[in-house]
2 protein chains.
Amino acid sequence: MIKENLKKYVVLEDCPVRNVLDRVGDKWSILVITILGEAGTLRFNELNAIIGTISQKMLTVTLKTLEADGLISRKIYPQVPPRVEYTLTPLGESLLPAMSLLVDWALENMPAIKASREKYSNQKELV
Amino acid sequence: MIKENLKKYVVLEDCPVRNVLDRVGDKWSILVITILGEAGTLRFNELNAIIGTISQKMLTVTLKTLEADGLISRKIYPQVPPRVEYTLTPLGESLLPAMSLLVDWALENMPAIKASREKYSNQKELV
DNA sequence: CAGTATCCATCCAGATACTG
DNA sequence: CAGTATCTGGATGGATACTG
């Protein structure tokens with residue numbers, strides 16, 4: 001029966017897939033990974049300045065989560081004032097191809113999606 | 001200056017990328033797209049039964065959003081009781097390769113991520 | 001069958017202020 | 001410089017009951 005077979009995706013979703021996509025889906029992770037992927041290594045305040053619209057708190061949370069997942073590494077230089085540098089780990093780098101494919105898809109198809117959204121909301125208004 | 005150059009990602013993020021990834025990031029969209037991608041066409045209650053843990057409300061919301069984005073199409077058969085069928089549009093199908101790359105990455109690297117998370121939380125406890 | 005409508009708990013992101 | 005701590009409004013997701 002086809003429906004029973006399809007349930008495998010639900011299981012997948014619970015364990016590894018949704019776990020990973022929670023990161024992909026949150027507001028800042030992809031941006032941070034993309035930027036680190038291109039820049040190589042950046043300090044906390046450099047990331048903060050590049051993104052501009054992120055709060056210190058969210059940048060801290062995002063970096064900690066990505067570090068916990070093993071996607072970025074955090075290097076502390078014992079200085080005053082402190083210097084902390086962030087870099088993608090090999091695991092983080094291995095995510096770049098999949099992410100850029102998604103980003104490319106988004107860039108390419110955003111016009112179509114936008115047009116569809118407008119068409120849809122106009123239809124709703126007419127009802 | 002390298003930092004100014006990197007800001008392009010922030011702009012990208014605001015407009016098309018984050019818009020699309022909001023869908024990827026929500027709780028059910030990827031699952032629905034994946035299932036429809038394999039099944040071809042399904043009715044509302046078939047999807048409901050396959051996923052099992054989704055509420056009617058969230059399935060409705062998810063399907064409406066995907067329809068508004070032009071990723072799935074909704075076909076109503078004027079019967080009593082009603083019959084509504086959902087299918088991926090070509091736009092929705094074009095998203096499948098990027099998504100499956102991401103899903104594959106998740107499956108392959110989940111063990112590493114899990115190990116990293118445990119190591120990280122153990123470190124925290126020792127402090 | 002395929003939804004709507006309503007209420008509710010929780011999470012999330014941002015603003016602000018403070019610190020080793 | 002690189003964070004932490006606290007508070008708050010709003011969005012998100014789920015449970016339940018009802019309906020054309």
Side-chain angles (χ1 to χ4, degrees), chain A residues 3 10 13-14 18-19 21-32 35-36 39 41-69 72-87 120 123-124 127, chain B residues 3 10 13-14 18-19 21-32 35-36 39 41-69 72-87 120 123-124 127:
Chain A
K3 290 166 207 169
V10 182
E13 192 73 4
D14 261 0
R18 188 174 292 162
N19 255 291
L21 295 200
D22 278 351
R23 299 292 168 271
V24 177
D26 84 10
K27 206 172 174 185
W28 302 107
S29 291
I30 293 192
L31 186 53
V32 168
I35 289 174
L36 283 180
T41 298
L42 288 173
R43 300 176 63 172
F44 184 90
N45 269 3
E46 288 176 327
L47 277 165
N48 201 356
I50 290 167
I51 300 176
T53 55
I54 195 173
S55 65
Q56 271 191 323
K57 175 190 157 190
M58 289 320 296
L59 183 54
T60 303
V61 170
T62 303
L63 290 170
K64 276 208 176 135
T65 309
L66 292 176
E67 189 199 356
D69 283 2
I72 65 175
S73 68
R74 183 168 178 272
K75 187 171 183 189
I76 310 158
Y77 294 83
Q79 307 174 351
V80 177
R83 173 188 190 88
V84 181
E85 287 182 349
Y86 295 93
T87 318
Y120 187 85
Q123 281 172 357
K124 291 287 153 179
V127 177
Chain B
K3 291 165 207 168
V10 182
E13 191 72 6
D14 262 359
R18 188 174 295 164
N19 255 292
L21 295 199
D22 279 351
R23 299 293 168 270
V24 176
D26 83 11
K27 206 172 174 187
W28 302 106
S29 291
I30 293 192
L31 185 55
V32 168
I35 289 173
L36 283 181
T41 297
L42 290 172
R43 299 176 62 173
F44 184 90
N45 269 4
E46 288 176 327
L47 276 165
N48 202 356
I50 291 166
I51 300 179
T53 54
I54 195 173
S55 64
Q56 271 191 323
K57 175 191 158 189
M58 287 321 296
L59 184 54
T60 303
V61 169
T62 303
L63 290 170
K64 277 210 174 133
T65 308
L66 292 176
E67 189 199 357
D69 283 2
I72 66 175
S73 69
R74 183 168 178 271
K75 187 171 181 185
I76 310 159
Y77 295 84
Q79 306 175 351
V80 177
R83 173 188 189 87
V84 182
E85 287 182 349
Y86 294 92
T87 318
Y120 187 86
Q123 282 172 357
K124 291 286 153 180
V127 176

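Residue numbering restarts at 1 for every chain, and letters A, B, ... go by the order of the sequence lines.
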Worked check of side-chain contact (heavy atoms from CB on, under 4.5 Å) between B:Val61 and B:Leu63: CA-CA 6 Å; B:Val61 169; B:Leu63 290 170; over 6 Å; no
Pairing partner of D:dG20 (Watson-Crick or G-U wobble, both distances under 3.5 Å): C:dC1
Nearest-angstrom distance from the residue atom CG of B:Asn48 to C1' of C:dA2: 10 Å
Rounded distance in Å - CZ (B:Arg83) to C1' (C:dG3): 16 Å
Between C:dA2 (P) and B:Glu67 (CD): distance, integer Å: 15 Å
Full working for side-chain contact (heavy atoms from CB on, under 4.5 Å) between A:Lys75 and A:Thr87: CA-CA 8 Å; A:Lys75 187 171 183 189; A:Thr87 318; over 6 Å; no
Sugar-phosphate, base or nothing in reach of A:Tyr86, heavy atoms under 4.0 Å: sugar-phosphate
Atom of A:Leu59, atom of A:Phe44 and distance for their closest heavy-atom approach: CD2-O, 3.6 Å
Between C1' of D:dA2 and CG of A:Leu59, the distance in whole Å: 10 Å
Heavy-atom closest contact (B:Arg43 atom, B:Glu46 atom, distance): N-OE1, 2.7 Å
Nucleic acid footprint by protein, nucleotides 5-20 of chain D - heavy-atom cut-off 4.0 Å, B for base, S for sugar-phosphate alone: -B------BBB-B--B
Audit row: B:Asp69, A:Tyr120, side-chain contact (heavy atoms from CB on, under 4.5 Å) steps and yes/no: CA-CA 8 Å; B:Asp69 283 2; A:Tyr120 187 85; over 6 Å; no
Nearest-Å distance for atom pair CG/P, residues A:Leu63 and D:dC1: 16 Å
Closest non-hydrogen atom pair between A:Thr65 and A:Arg23, with its separation: CG2-NE, 3.0 Å
Nucleotide D:dG3, atom P - distance to OH of A:Tyr77 in whole Å: 13 Å
Side-chain N,O (B:Arg43) to OP1/OP2 (C:dA2) below 4.0 Å: yes
OP1 or OP2 of D:dG3 under 4.0 Å from side-chain N/O of A:Arg74: yes
Phosphate contact (C:dT4 OP1 or OP2) by B:Lys64 side-chain N/O below 4.0 Å: yes
Minimal non-hydrogen separation, A:Thr62 against A:Val32, with atom names: CG2-CG2, 4.1 Å
